[in-house]
**Student:** 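Below is a structure I'd like to ask you about.
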Amino acid sequence: MPARLLVKESTQTTERPPEDLSELRDRPCWLDISDPQSKDFELAAKELNLHPLAVEDAQQRHERPKIDQYDDHYFIVFDALQETSPGVVREIEISIFMLQNAIVTVHEGEFIARAAVEKRFREGKLHTTGLLLHALLDTIVDQYFPIIDSLGDRVELLETMVVGGETHDYDTSIRELFELKRDLLRIRHLIAPERDVLAVLVRGDIRELREIGRRVYFQDVYDHITRVIDEIDTFRQLTSNVIDAHLASVSNRLNEVVKVLTSVATVLLVLTVVTGFFGQNWKFIPYDSEPLFVASLIFMVAVAAGTALYFRRKGWL
């Protein structure tokens with residue numbers, strides 16, 4: 001269903017046809033539209049005299065979270081996040097029109113927070129449009145935490161792979177680390193502007209929300225969004241540290257390999273000097289002497305063993 005109109009009556013919440021919204025403005029109403037291009041939205045925009053720029057933003061999508069003030073209404077853009085599968089986060093842009101005794105939400109498809117808030121609204125727990133707006137934003141923000149916790153678990157897992165993993169895990173872990181850092185940056189770009197939106201609500205700039213004690217509700221949501229952003233920044237910093245540790249670990253392993261190869265090459269160099277000496281074509285050297293051949297072999301073995309033992313004591317092998 002592209003549009004649903006819920007009306008808060010004195011004793012219950014009823015569902016009415018969307019075209020009746022303009023006639024029910026004397027009580028709290030919530031018009032939810034799941035298709036920005038639908039005729040229901042065009043009709044609501046005409047009846048409620050919504051500003052054309054706000055309507056265009058709601059239809060075109062891909063807007064940055066913001067809050068705009070017009071003559072008789074406010075336009076809010078907020079993003080909901082849903083983890084459709086492990087490691088895959090989908091954002092849902094939600095456009096909210098705030099009017100006297102009416103809220104219009106516009107989005108594409110379904111999102112979990114809407115169903116949860118509708119249940120509370122039907123149960124009569126949200127008596128005003130201010131409480132309804134708070135419930136929407138609070139539920140959306142609360143659903144950020146499981147997603148951020150999941151990203152934190154990925155950071156810890158990749159950190160374990162880097163620190164104590166096998167060599168063949170290195171390429172996989174470094175690729176996933178950069179993907180995780182990109183996901184954290186994308187989510188932060190979505191969430192960070194929402195703190196400015198909530199700051200406006202906390203200040204009480206919206207006339208319809210200037211009720212006694214109403215700012216405290218939005219202050220709570222503001223604190224939650226600040227905590228989410230801080231956790232994202234912490235995970236981004238931790239991811240950068242893990243990447244640096246990963247690169248340092250790879251460099252250290254390379255240094256160990258080079259050190260061993262250099263030590264082996266030095267031992268072989270000593271043997272090359274001995275064999276090179278006996279490779280000179282001097283007549284006074286008895287090349288056909290068996291004792292001299294045995295002595296040279298013993299000497300080379302002794303020199304090689306002594307050099308290797310020396311490198312071992314120095315910690316180079």
Side-chain angles (χ1 to χ4, degrees), residues 51 53-54 57-58 60-70 73-83 89-99 103-108 111-114 116-117 120 126 128-152 154-155 180-240:
H51 198 280
L53 290 178
D57 289 344
Q60 298 298 327
R61 324 301 291 162
H62 305 295
E63 289 293 320
R64 184 176 184 270
K66 62 178 182 177
I67 180 169
D68 293 334
Q69 179 180 0
Y70 297 99
H73 63 276
Y74 291 83
F75 177 61
I76 301 173
V77 178
F78 225 73
D79 286 308
L81 299 180
Q82 293 184 182
E83 192 170 17
V89 178
R90 181 173 71 98
E91 64 270 11
I92 303 172
E93 183 177 317
I94 304 167
S95 301
I96 304 174
F97 295 88
M98 184 72 185
L99 303 94
I103 283 185
V104 179
T105 54
V106 184
H107 53 90
E108 291 182 346
F111 62 101
I112 299 175
R114 191 211 64 79
V117 175
R120 295 173 59 189
L126 306 173
T128 65
T129 53
L131 288 175
L132 177 58
L133 176 63
H134 166 264
L136 278 170
L137 301 183
D138 184 54
T139 306
I140 291 173
V141 172
D142 285 346
Q143 290 178 351
Y144 292 163
F145 288 101
I147 296 175
I148 301 304
D149 291 341
S150 177
L151 293 175
R154 288 174 58 189
V155 173
L180 176 58
K181 191 173 183 179
R182 181 189 60 196
D183 291 342
L184 288 169
L185 181 61
R186 179 175 65 88
I187 293 176
R188 193 186 193 285
H189 282 167
L190 290 173
I191 294 178
E194 296 177 352
R195 180 164 52 183
D196 298 331
V197 174
L198 290 168
V200 174
L201 299 177
V202 171
R203 289 198 304 266
D205 294 349
I206 296 182
R207 296 184 299 272
E208 288 75 7
L209 302 180
R210 292 174 184 172
E211 305 173 24
I212 298 177
R214 186 67 63 235
R215 298 184 187 181
V216 178
Y217 288 87
F218 293 102
Q219 179 66 54
D220 181 68
V221 184
Y222 180 88
D223 293 341
H224 288 178
I225 199 72
T226 301
R227 177 182 160 193
V228 169
I229 295 174
D230 289 342
E231 288 189 6
I232 292 176
D233 291 338
T234 299
F235 290 144
R236 287 181 61 203
Q237 183 63 42
L238 182 57
T239 303
S240 298

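All heavy atoms count here, side chains included; hydrogens, waters and symmetry mates do not.
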**Student:** Could you check whether any side-chain heavy atom of S150 comes within less than 4.5 Å of a side-chain heavy atom of E83, counting everything from C-beta outward?
**Tutor:**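 Yes; the side chains approach each other to less than 4.5 Å.
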**Student:** Closest approach of L184 and I232, non-hydrogen atoms and distance?
**Tutor:**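 Closest heavy-atom pair between L184 and I232: O-CG2, 3.7 Å.
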**Student:** Evaluate the criterion side chain to side chain contact (heavy atoms under 4.5 Å, CB included) for residue pair D149 and E231; output intermediate values, then yes/no.
**Tutor:** CA-CA 9 Å; D149 291 341; E231 288 189 6; 4.1 Å; yes
**Student:** I need the I191 CD1 to F78 CZ distance, nearest 0.5 Å.
**Tutor:**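 Answer for the CD1-CZ pair, I191 versus F78, is 9.0 Å.
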**Student:** Can you find a pair of side-chain heavy atoms, one from F235 and one from L180, that are under 4.5 Å apart?
**Tutor:**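 Heavy-atom side-chain distance check fails, nothing below 4.5 Å.
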**Student:** CG of D138 to CG of L133: how many Å apart, nearest 0.5 Å?
**Tutor:**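 With rounding to 0.5 Å, CG (D138) is 10.5 Å from CG (L133).
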**Student:** Are side-chain heavy atoms of Y70 and L53 found at a separation under 4.5 Å?
**Tutor:**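 In contact.
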**Student:** Between Q237 and D233, is a side chain to side chain donor-acceptor pair (under 3.5 Å) present by the stated rule, with each step listed?
**Tutor:** CA-CA 6 Å; Q237 183 63 42; D233 291 338; over 6 Å; no
**Student:** I'd like to check V104 versus H73 (side-chain heavy atoms, cut-off strictly below 4.5 Å). Are they in contact?
**Tutor:**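 No, every pair of side-chain atoms sits at 4.5 Å or beyond.
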**Student:** Which value, rounded to the nearest 0.5 Å, describes the distance between I225 atom CD1 and L198 atom CG?
**Tutor:**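 Here the rounded value is 6.5 Å.
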**Student:** Just do the side chain to side chain contact (heavy atoms under 4.5 Å, CB included) check on Q69 and V200 with the steps written out, would you?
**Tutor:** CA-CA 11 Å; Q69 179 180 0; V200 174; over 6 Å; no
**Student:** In Å and rounded to the nearest 0.5 Å, what is the CG to CG distance from L190 to L185?
**Tutor:**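 So the gap between those two atoms works out to 10.0 Å.
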**Student:** At their closest point, which heavy atom of F145 faces which heavy atom of H224, and how far apart are they?
**Tutor:**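 Where F145 meets H224 most closely, the heavy atoms are CZ-O, 3.8 Å.
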**Student:** Any side-chain heavy atom of L81 sitting closer than 4.5 Å to one from Q143?
**Tutor:**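 Answer no - side chains too far apart.
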**Student:** When you measure from the side chain of Q219 to the backbone of V202, do you find a donor-acceptor pair of N or O atoms at a distance under 3.5 Å?
**Tutor:**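 Not confirmed, Q219 side chain does not pair with V202 backbone.
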**Student:** On a heavy-atom basis, which atom in P65 and which in P193 lie closest, and how many Å separate them?
**Tutor:**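 Closest pair (atom of P65, atom of P193, distance): O-CB, 3.6 Å.
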**Student:** Mind telling me whether F97 and F75 have parallel, tilted or perpendicular rings, with 30° and 60° as the class edges?
**Tutor:**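 Tilted, since the angle between the ring planes falls between 30° and 60°.
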**Student:** Of all heavy-atom pairs between G130 and F218, which one has the smallest distance, and what is that distance?
**Tutor:**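 That closest heavy-atom pairing would be O-CZ, 3.9 Å.
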**Student:** To the nearest 0.5 Å, tell me how far L238 CG sits from K181 NZ.
**Tutor:**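 Result: 11.0 Å between the selected atoms.
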**Student:** Might you work through the side chain to side chain contact (heavy atoms under 4.5 Å, CB included) test for V221 and L201, ending with a clear yes or no?
**Tutor:** CA-CA 10 Å; V221 184; L201 299 177; over 6 Å; no
**Student:** Can you tell me how far CD of E194 sits from CZ of R64, rounded to the nearest 0.5 angstrom?
**Tutor:**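 Output value for this atom pair is 10.0 Å.
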**Student:** What heavy-atom pair brings D57 and E93 nearest, and what distance separates the two atoms?
**Tutor:**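 Where D57 meets E93 most closely, the heavy atoms are O-OE2, 4.3 Å.
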**Student:** Hey, mind stepping through I103 and M98 against side chain to side chain contact (heavy atoms under 4.5 Å, CB included) and telling me if it holds?
**Tutor:** CA-CA 5 Å; I103 283 185; M98 184 72 185; 3.5 Å; yes
**Student:** Quick one: does R188's side chain get under 4.5 Å of I229's, heavy atoms only?
**Tutor:**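 When only atoms from C-beta onward are counted, I229 and R188 do touch, with a gap below 4.5 Å.
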**Student:** Of the non-hydrogen atoms in I94 and A80, which two are nearest, and what is the gap between them?
**Tutor:**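 Looks like CD1-CB, 3.8 Å.
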**Student:** Are the side chains of I187 and Y144 in contact, using a 4.5 Å heavy-atom criterion?
**Tutor:**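 Not touching, per the 4.5 Å side-chain cut-off.
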**Student:** So, do H107 and R61 sit near enough that their side-chain heavy atoms are less than 4.5 Å apart?
**Tutor:**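 They are in side-chain contact.
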